[in-house]
Amino acid sequence: MNLDRRGFLKIVGIGASAAVAGFPKTSHAWQSKAPPDPYGCLVDLTRCVGCRKCELACNEVNHLPEPSVRFDDLRVFDRARRPDEKAYTVVNRYHTGKRDDRDQLVPTFVKVQCMHCQDPACVSACIVGALTKKENGAVHYDVNKCIGCRYCMVACPFEIPAYEYSDPWTPKVQKCTFCYERILKEGGKPGCAAACPTEAITFGKRSTLLQMAHRRIAENPSKYLDYVYGETEAGGTSWLYLSDVDFAAVGLPTVPNRPMPKLSETVQHTFYSYLWSPALLYAALAGIMWRQSRKEKEV
Amino acid sequence: MHHTTARPLNTPFWTPGVWVMLGCMLCGAAAIIARYIGGIGYVSNLSHARPWGIWIGIDVASGVALAAGGFTTAAIAHIFGKHEYEPVVRPALLTAVLGYTFVVLGLMVDIGRTWAIWKPMIFWNFNSVLFEVGMCVMTYLTVLYIEFIPIAAERFGKTIPLIGWLNEIVGNIMGVFIVAGVVLSCMHQSSLGALMLIAPTKLHPLWYTPILPLLFLTSAFSVGYPMVIFETTLVTSSLGLDSEMKILSRLSRLTVLLLGIYLVLKIGDMIVRGTYVHLFEGTLVSNAFLAEVGLGGVLPWILLWFPMVRTSRKGLFTVSVLIVGGVLLNRINVFLVGFSSPVTHTPYFPAIGEILITIGLIATLMFIYRIVVTFFPVISAARLGEVRP
């Protein structure tokens, strides 16, 4: 190596001081970046009748393409669907074995869309920060930053973001927007919540909705499971569900109660805040290299 | 730079192998054209629930792991001053340069907006593991090209003034880049493992562990030298050169230690987390883990203890194939086999288009390697029957 002693000392010095400067600040614990008072929606599965008015409203307010099966065609329930690049929300029908007074099987209808997590995995994962959690609760997608790596889709525990795989040059990630623009306005509601005829979807502040959910359970303990899905899932989500049947049986996945980005962000910031560990490694390796080259010169 | 005996090979270029490579390249090119006309969905089996396939699992993740020969040989020869390994540094560097170039090319095919690949340089997300991986890979690729300048200058420094001029600039501070290359490698090799930490419900417990980044790093350390052994044996035998056995068998002794560390961590982690309960479920997933750790880890590690294996060309080649295969399978397992979509249970198997593009990219890489060793001073090994000066 043609690096002289002074050059090496310089490198070692810079590396070591950078390392020392960075080190003391690395021990801070992970902190949630959740907005303090977001909006949310409470979905009461016992009220949903599967009319798909929410799907129709979503399609209209978001100017989505016409679906292959009409919104009033009930045959659509014959197979379970997922939200995709052409439909931000879908309603599925489940038969859990629940029966009514006359011993008839009763279906459960479940609306699925982006849960708008409080600490979203997709937001943490996004390489360019194209996904952000807004103060009003919406997980917002900015196509102008997106490069299409699809790490958000890998990260999402609810398997929500969909991709325009058939677009060769300018595909977008597509998912429920929480009608970000509409709910910014005073009195604005998401298209689906405004359209629901049975008040199965209630829009409001998340804190209010949580109180409302627990009140409904308390007032009618025989009707509901004593659980609000979304209260703690993935560290809490803006969308909340009440049900009388097991959540896992109706397509709502079991998800850890901790915020999904906590571990990866902790690892990342422990080692990379102020780049202290790369700087330290650089200094150590440069030191070894310098010692070796000095030894060779002596020989 | 230390004096090396590397020189352009000047062997006949158009061999049957080269024609096969060209055929694969053409098929890959056709599939790439189809991808940019019909979209990713037209040539792949990727879906909303399975957004990453072999382009990420093999072209990117495995490509990065198998290019680890570059920084591991640079570290031992140039940083730890073991100059006897000098003859394998250049071929390993070339593999890394080409490997990382093709990691980026594979990534460009995979991302939906190829033309937007520069955006992470402007829009930063420090919380994103992928951001760190992306920045490191980009910087490291630049460093690798800088490290290649002296080699280019040896051959073309006089005829192409720009190369000679660049060599004068970087030649004296090459140490800065060599150390940077090793640091950057440690960073992104480990972070590639950290990518999956955000998806605990999707990666099978046999692989999902908080020490996934450490396992990726130590497996990259342990696959570096076997990859050099693998390549050197392939190149020297296909080009009729001396097999450099002396250096290779010394590298294999280092591998006993490096692979040992990886296996202790890997198996220790399995015991601590109690995931051995999944070992004998008889599923594809559990068998893939057994093959990865047993055939690709423990078996070659045991074999390496025998001097007979370490000193025989065939034995060494077999062991290196097993280790390289084990790490390759590990990356495929983490990104594809062990990855599931627990909500929709969507299966994934690569489409013919994905396979053609992957094979085409690998063939192009080998083709360029062949061109470079023919015209640049990369290989030091003597011709068979030739006495080395």
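Residue numbers begin at 1 in each chain, while the letters A, B, ... track the order of the sequences. What you see is a predicted model, and the numbers here were worked out from it, not measured in a lab.
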Side chain, backbone, both or neither: which part of B:Ala180 has an atom under 4.5 Å from a heavy atom of chain A? both
Looking at A:Thr170, A:Asp84, A:Ile160, A:Val173, which one has more heavy-atom pairs under 4.5 Å with chain B than the rest? A:Thr170
Check whether the side chains of A:Glu85 and B:His48 place a donor and an acceptor atom closer than 3.5 Å, and report yes or no. yes
Audit row: B:Ile198, A:Glu265, side-chain contact (heavy atoms from CB on, under 4.5 Å) steps and yes/no: CA-CA 9 Å; B:Ile198 204 160; A:Glu265 287 184 6; over 6 Å; no
Okay, A:Val143 and chain B: the region with an atom under 4.5 Å from a heavy atom over there is both
Flag the one option from B:Ile117, B:Ile111, B:Val133, B:Leu184 with the top tally of heavy-atom pairs under 4.5 Å to chain A. B:Ile111
Least distance between heavy atoms, B:Met187 atom then A:Leu275 atom: CE-CD2, 4.1 Å
Please flag which part of B:Ser47 lies under 4.5 Å from any non-hydrogen atom of chain A: side chain, backbone, both or neither. backbone
Proximal component of B:Lys202, with respect to chain A [non-hydrogen, under 4.5 Å]: side chain
Contact origin within B:Leu195 toward chain A - heavy atom pairs under 4.5 Å: both
Tightest non-hydrogen contact, residues B:Phe123 and A:Val128, listed as CB-O, 3.3 Å
Might you point out which heavy atoms bring A:Cys146 and B:Arg113 nearest each other, and give the distance in Å? O-CD, 3.4 Å
Does the side-chain contact (heavy atoms from CB on, under 4.5 Å) test come out yes or no for B:Ile56 and A:Arg150, once each step is laid out? CA-CA 11 Å; B:Ile56 294 295; A:Arg150 307 190 295 287; 5.6 Å; no
Which heavy atom of A:Ile288 sits nearest a heavy atom of B:Ile79, and at what distance? CG2-O, 3.7 Å
Examine whether an atom of A:Tyr272 lies under 4.5 Å from a heavy atom of chain B, and if so say whether it belongs to the side chain, the backbone or both; otherwise answer neither. side chain
Could you tell me whether the side chain of B:Asn125 and the main chain of A:Ser124 form a donor-acceptor pair under 3.5 Å? yes
Is B:Ile37 in contact with chain A via its backbone, its side chain, both, or neither, using a 4.5 Å heavy-atom distance? backbone
Count the heavy-atom pairs under 4.5 Å between each of B:Ala194, B:Gly134, B:Ala199, B:Pro342 and chain A, then report the option with the highest count. B:Pro342
Heavy-atom pairs under 4.5 Å with chain B are the metric here; pick the option from A:Met260, A:Lys145, A:Glu164, A:Lys33 that has the most. A:Lys145
Using modelled atom types only, decide if a donor and an acceptor are shared between the side chain of A:Tyr282 and the backbone of B:Val179 within a distance under 3.5 Å. no
Polar side-chain atom of B:Lys119 near backbone of A:Asn144 as donor-acceptor pair, under 3.5 Å: yes
Most chain A-contacting option - heavy-atom pairs closer than 4.5 Å, from B:Ile122, B:Thr114, B:Thr344, B:Thr346: B:Thr344
Give, as side chain, backbone, both or neither, the part of B:Leu212 having an atom under 4.5 angstrom from any heavy atom of chain A. neither
Distance (rounded to the nearest 0.5 Å) between B:Leu197 CG and A:Thr266 OG1: 10.0 Å
Chain B contact via A:Val267 - side chain, backbone, both or neither, heavy atoms under 4.5 Å: side chain
In short, A:Ile127 meets B:Pro120 closest at the heavy-atom pair CD1-CG, 3.9 Å
At a 4.5 Å cut-off on heavy atoms, which part of A:Val123 comes close to chain B: side chain, backbone, both, or neither? backbone
Given a strict heavy-atom distance threshold of 4.5 Å, which part of B:Thr201 is in contact with chain A: side chain, backbone, both, or neither? side chain
With A:Tyr151 as partner, the option from B:Phe131, B:Phe335, B:Trp52 fulfilling ring pair (Phe, Tyr, Trp, His ring centres under 6.0 Å) is B:Trp52
Between B:Ile40, B:Leu107, B:Asn127, the one whose heavy-atom pairs under 4.5 Å with chain A are most numerous: B:Asn127
Any chance you could measure A:Phe271, atom CZ, to B:Ser191, atom OG, to the nearest 0.5 Å? 10.0 Å
All heavy atoms of B:Gly112 vs all of A:Tyr163, minimum pair found to be CA-OH, 3.1 Å
